[in-house]
Amino acid sequence: MERWNTTVTEFILVGFPTLYGYGPLLFACLLLVYILTIAGNVIIFVLVRLDSRLHTPMYFFISILSFLEIWYTAVTIPKMLINLLVPRKSIHFNSCLLQTYFFHSLGASECYLLTTMAYDRYLAICHPLYYPSIMNSSMTLKLVVACFSLGFLCPIAEVILISRLPFCGSNEIQHIFCDFPPLLSLACTDTYINVLADFVINSFIILVTFTFIMISYIKIIIAILKIRTSTGRIKAFSTCVAHLTVVLLFFTCIVFMYVRLTKSYSLYYDRVLAYDRTVGLTFVVFTPLANPIIYGLRNQEIKKCIYKYLLTEHFLCLFHNVCSRIVVKI
């Protein structure tokens with residue numbers, strides 16, 4: 001198969017064309033959401049590192065999830081912000097491929113990380129006596145490395161296949177960011193192999209990880225129901241509610257976006273495209289914002305740390321020290 005046609009060197013991200021008349025307002029709203037997302041995830045990540053009470057496997061995985069979300073949003077939202085202000089919403093072919101690769105790599109890594117977090121909760125509740133010896137610091141680090149390694153390996157085949165496609169017609173991507181399905185719809189040749197590879201890889205990642213998570217939680221619920229006291233049941237279940245909420249929100253979006261064995265959308269093209277963009281916007285913008293809110297507001301230990309470090313004199317002292325160092329360096 002020949003390399004893509006040189007007549008198409010860049011793509012135009014169409015996004016929501018009917019809303020671009022409100023560009024400055026949308027820019028302000030998206031920027032606010034982005035700042036809150038970064039701030040919330042940074043706060044959780046830093047708090048877990050600062051407070052010794054949070055130096056447990058569960059909070060370590062939560063901090064890694066926050067770290068992942070920081071980079072996950074950085075892949076797409078800055079470009080979306082720029083496109084709201086500039087008249088020509090273009091992206092170079094190589095930049096488009098890189099955005100797609102990192103978007104899927106970090107997304108796959110999050111799938112594996114959420115699965116690891118479910119396994120951690122399963123061990124803690126179903127096998128509490130063996131938990132400290134199994135889920136030690138060395139094991140948690142190995143699991144995180146494995147999640148990112150597998151995540152960054154998964155989209156390589158898809159990127160290689162799509163980089164070899166010819167693009168010689170329209171260069172308008174009917175989406176708010178670069179992604180495999182809208183790119184495949186622009187190819188000037190048969191993309192059956194690409195669509196099949198995309199479907200198989202995404203289905204494997206999504207279905208295997210989600211099935212493993214659900215099996216873990218079925219066993220967790222069975223174990224919780226065997227606890228004699230209601231206080232014990234509530235305490236055990238409360239440690240899982242936040243993670244389960246994040247899992248359902250995350251997997252609901254990606255199932256609608258990627259488990260599709262076709263490069264076209266349907267006969268109702270415009271309507272379904274608008275639907276895909278809306279789901280994509282929810283997935284890219286609001287899901288990363290929901291994670292720190294869910295973990296921060298529902299987790300008593302994190303709320304205590306927020307009060308300790310951010311709402312008392314500890315924060316003022318820390319802020320003063322940071323500012324002093326900055327002034328000295330200047």
Side-chain angles (χ1 to χ4, degrees), residues 44 48 53-66 68-69 107-148 150-151 154 202-259 283 287-288 290-305:
I44 290 180
V48 173
R53 293 176 300 176
L54 302 182
H55 292 174
T56 62
M58 182 181 76
Y59 291 108
F60 174 72
F61 291 132
I62 290 175
S63 70
I64 296 300
L65 179 62
S66 295
L68 189 151
E69 295 288 20
S109 299
E110 185 164 348
C111 285
Y112 295 124
L113 183 60
L114 291 173
T115 306
T116 301
M117 295 170 72
Y119 176 65
D120 173 72
R121 291 298 82 207
Y122 163 74
L123 286 178
I125 294 174
C126 298
H127 302 284
L129 297 179
Y130 297 100
Y131 179 76
S133 59
I134 297 175
M135 198 60 69
N136 51 48
S137 58
S138 175
M139 177 58 70
T140 56
L141 183 60
K142 290 178 181 178
L143 288 172
V144 169
V145 171
C147 289
F148 280 92
L150 290 173
C154 288
N202 289 329
S203 297
F204 177 80
I205 296 172
I206 295 169
L207 296 179
V208 169
T209 53
F210 186 72
T211 300
F212 191 93
I213 291 171
M214 289 298 101
I215 291 173
S216 298
Y217 271 102
I218 289 172
K219 293 184 177 181
I220 287 171
I221 292 172
I222 293 173
I224 290 175
L225 293 176
K226 293 180 180 179
I227 299 175
R228 296 181 179 179
T229 62
S230 58
T231 304
R233 288 194 297 269
I234 294 173
K235 183 178 179 180
F237 190 71
S238 64
T239 63
C240 304
V241 170
H243 177 254
L244 189 58
T245 304
V246 171
V247 165
L248 294 177
L249 181 63
F250 179 81
F251 279 95
T252 299
C253 290
I254 59 176
V255 165
F256 281 109
M257 288 178 65
Y258 297 114
V259 182
F283 183 54
T287 301
N291 289 351
I293 294 175
I294 292 170
Y295 283 116
L297 296 180
R298 293 194 60 88
N299 192 289
Q300 295 297 324
E301 293 299 324
I302 290 181
K303 284 196 288 187
K304 290 178 183 177
C305 290

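Here, residue 1 is the first one in the sequence, and each next residue gets the next number.
- The minimum heavy-atom distance between Tyr131 and Ala124, with the atom names listed, is CD1-N, 3.4 Å.
- The shortest distance between side-chain heavy atoms of Cys147 and Phe61 does not fall below 4.5 Å.
- The only option from Leu141, Leu113, Val48, Thr116 that meets the side chain to side chain contact (heavy atoms under 4.5 Å, CB included) definition with Ile64 turns out to be Leu113.
- In this structure, the separation between CG on Leu54 and CD1 on Ile44 is 10.5 Å, given to the nearest 0.5 Å.
- Atom CG of Leu114 and atom CG of Leu248 lie 10.5 Å apart (nearest 0.5 Å).
- Scored by the side-chain hydrogen bond (donor to acceptor under 3.5 Å, both in side chains) test, Tyr122 finds His127 as partners (sequence neighbours excluded).
- The heavy-atom pair separating Met135 from Pro57 by the smallest distance is O-CG, 3.4 Å.
- Taking all atoms of both residues into account, the shortest heavy-atom contact from Cys111 to Phe250 is SG-CE2, 3.4 Å.
- Counting all heavy atoms, side chain and backbone alike, Leu129 lies closest to Pro132 at O-CD, 3.7 Å.
- Remark: Phe60 CZ to Thr140 OG1 distance equals 5.0 Å, nearest 0.5 Å.
- Between Arg53 and Tyr59, the closest side-chain pair of non-hydrogen atoms is not below 4.5 Å.
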Show me the donor-acceptor pairs, under 3.5 Å and distance only, between side chains in residues 206-222 and residues at least two apart or in other chains.
residue : atom : partner : partner atom : Å
Thr209  : OG1  : Ile205  : O            : 2.5
Thr209  : OG1  : Ile206  : O            : 3.1
Thr211  : OG1  : Leu207  : O            : 2.6
Ser216  : OG   : Phe212  : O            : 2.9
Tyr217  : OH   : His243  : ND1          : 2.5

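- Annotation: side-chain contact (heavy atoms from CB on, under 4.5 Å) contacts of Ala223 (sequence neighbours excluded): Ile125, Cys126.
- Looking only at side-chain heavy atoms (C-beta outward), Glu110 and Asn291 come within less than 4.5 Å of each other.
- For the side chain to side chain contact (heavy atoms under 4.5 Å, CB included) test with Leu68, the passing option among Ser109, Ser63, Pro288 is Ser109; the others fail.
- Thr252 places no side-chain N or O within donor-acceptor distance of the main-chain N or O of Leu249, the cut-off being under 3.5 Å.
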